[in-house]
Amino acid sequence: MSKFYLKVNGKKYEVDVDPSTPVLWVLRDHINLIGTKYGCGVGACGACTIHFNGRALKSCQLPVSAVGVQEITTIEGLSETGEHPVQKAWLALDVAQCGYCQTGQIMAAASLLKSKPNPTNEDIDTFMSGNICRCGTYVRIKDAIKLAAKSSTK
């Protein structure tokens, strides 16, 4: 076990864990931020997507020892009130069906819009291809990203 000092959602946390522990489990089991979901554990589904130093990253593949002083943002830190344009678009278009993948989808979409405020369909398809929705709400996800992009540029 080793001590790690993490900055998550603007707050500082101290955790005592094995250095190889994935950030996903540190967030869920040690910091009690359970919005980040476990899906596959191999970085293929995207349910565990967080922002790591501002970029979308799958937390199941990131060992806590690699974090250092980098900023982590989870779905809980995207907006305390749910007012992020992506969150608002998700609700407006009723994107979620079962909802399990949605936190990862939202985090990926927010990262996409940060890097490309007016993404094309191809940009959306490429960027979001690492996030799987078992319910198949891909059309609504794409529409919500477009809606969020429009509302972000107003």
*In the hydrophobic clustering (ILVMFWY, side-chain contacts below 4.5 Å, transitive), which residues join I34, or is it alone?*
none
*asked:* Which heavy atom of S79 sits nearest to which heavy atom of Q87, and what is that distance?
replied: CB-OE1, 3.2 Å
*Heavy-atom pair with the smallest gap, counting every atom of A149 and P119*: CB-CD, 4.0 Å
*Do F4 and W25 share a hydrophobic cluster, counting only Ile, Leu, Val, Met, Phe, Trp and Tyr and linking them when any side-chain heavy atoms are less than 4.5 Å apart?*
no
*Determine yes or no for a side-chain-to-main-chain donor-acceptor pair under 3.5 angstrom, with E14 supplying the side chain and L6 the backbone.*
no
*Treating Ile, Leu, Val, Met, Phe, Trp and Tyr as nodes and any side-chain heavy-atom pair under 4.5 angstrom as an edge, say whether V26 and L62 lie in one connected cluster.*
yes
*For A56 and A108, which heavy atoms make the closest approach, and how far apart are they?*
CB-CA, 4.3 Å
*Does L24 belong to the same Ile/Leu/Val/Met/Phe/Trp/Tyr cluster as L78, with side-chain heavy atoms less than 4.5 Å apart forming each link?*
no
*Nearest-0.5 Å distance that lies between atom CG in L112 and atom CG in N131*: 10.5 Å
*What heavy-atom pair brings V15 and H30 nearest, and what distance separates the two atoms?*
CG1-CB, 4.0 Å
*Test log, rule side-chain contact (heavy atoms from CB on, under 4.5 Å), inputs V8 and E76*: CA-CA 10 Å; V8 181; E76 293 92 344; over 6 Å; no
*asked:* Hydrophobic clustering (ILVMFWY, side-chain heavy atoms < 4.5 Å, transitive) - are L33 and L57 grouped together?
replied: yes
_Q105 vs T137, test: side-chain contact (heavy atoms from CB on, under 4.5 Å). Steps then yes/no._
CA-CA 11 Å; Q105 299 278 1; T137 64; over 6 Å; no
*Do you know the tightest heavy-atom contact between L93 and R140?*
O-CD, 3.7 Å
*Which pair of non-hydrogen atoms, one from A89 and one from A144, has the smallest distance, and what is that distance?*
CB-O, 3.3 Å
*Derivation and outcome, side-chain contact (heavy atoms from CB on, under 4.5 Å), residues I124 and K146*: CA-CA 9 Å; I124 295 169; K146 290 177 186 178; 4.0 Å; yes
*Residues sharing L91's hydrophobic cluster, by side-chain heavy-atom contacts under 4.5 Å among ILVMFWY, directly or via others?*
none
*asked:* Using side-chain contact (heavy atoms from CB on, under 4.5 Å), reason through W90 and I106 one step at a time and then give a plain yes or no.
replied: CA-CA 8 Å; W90 245 247; I106 289 169; 3.6 Å; yes
*Side-chain heavy atoms under 4.5 angstrom apart, residues restricted to Ile, Leu, Val, Met, Phe, Trp, Tyr: same cluster for I50 and V64?*
yes
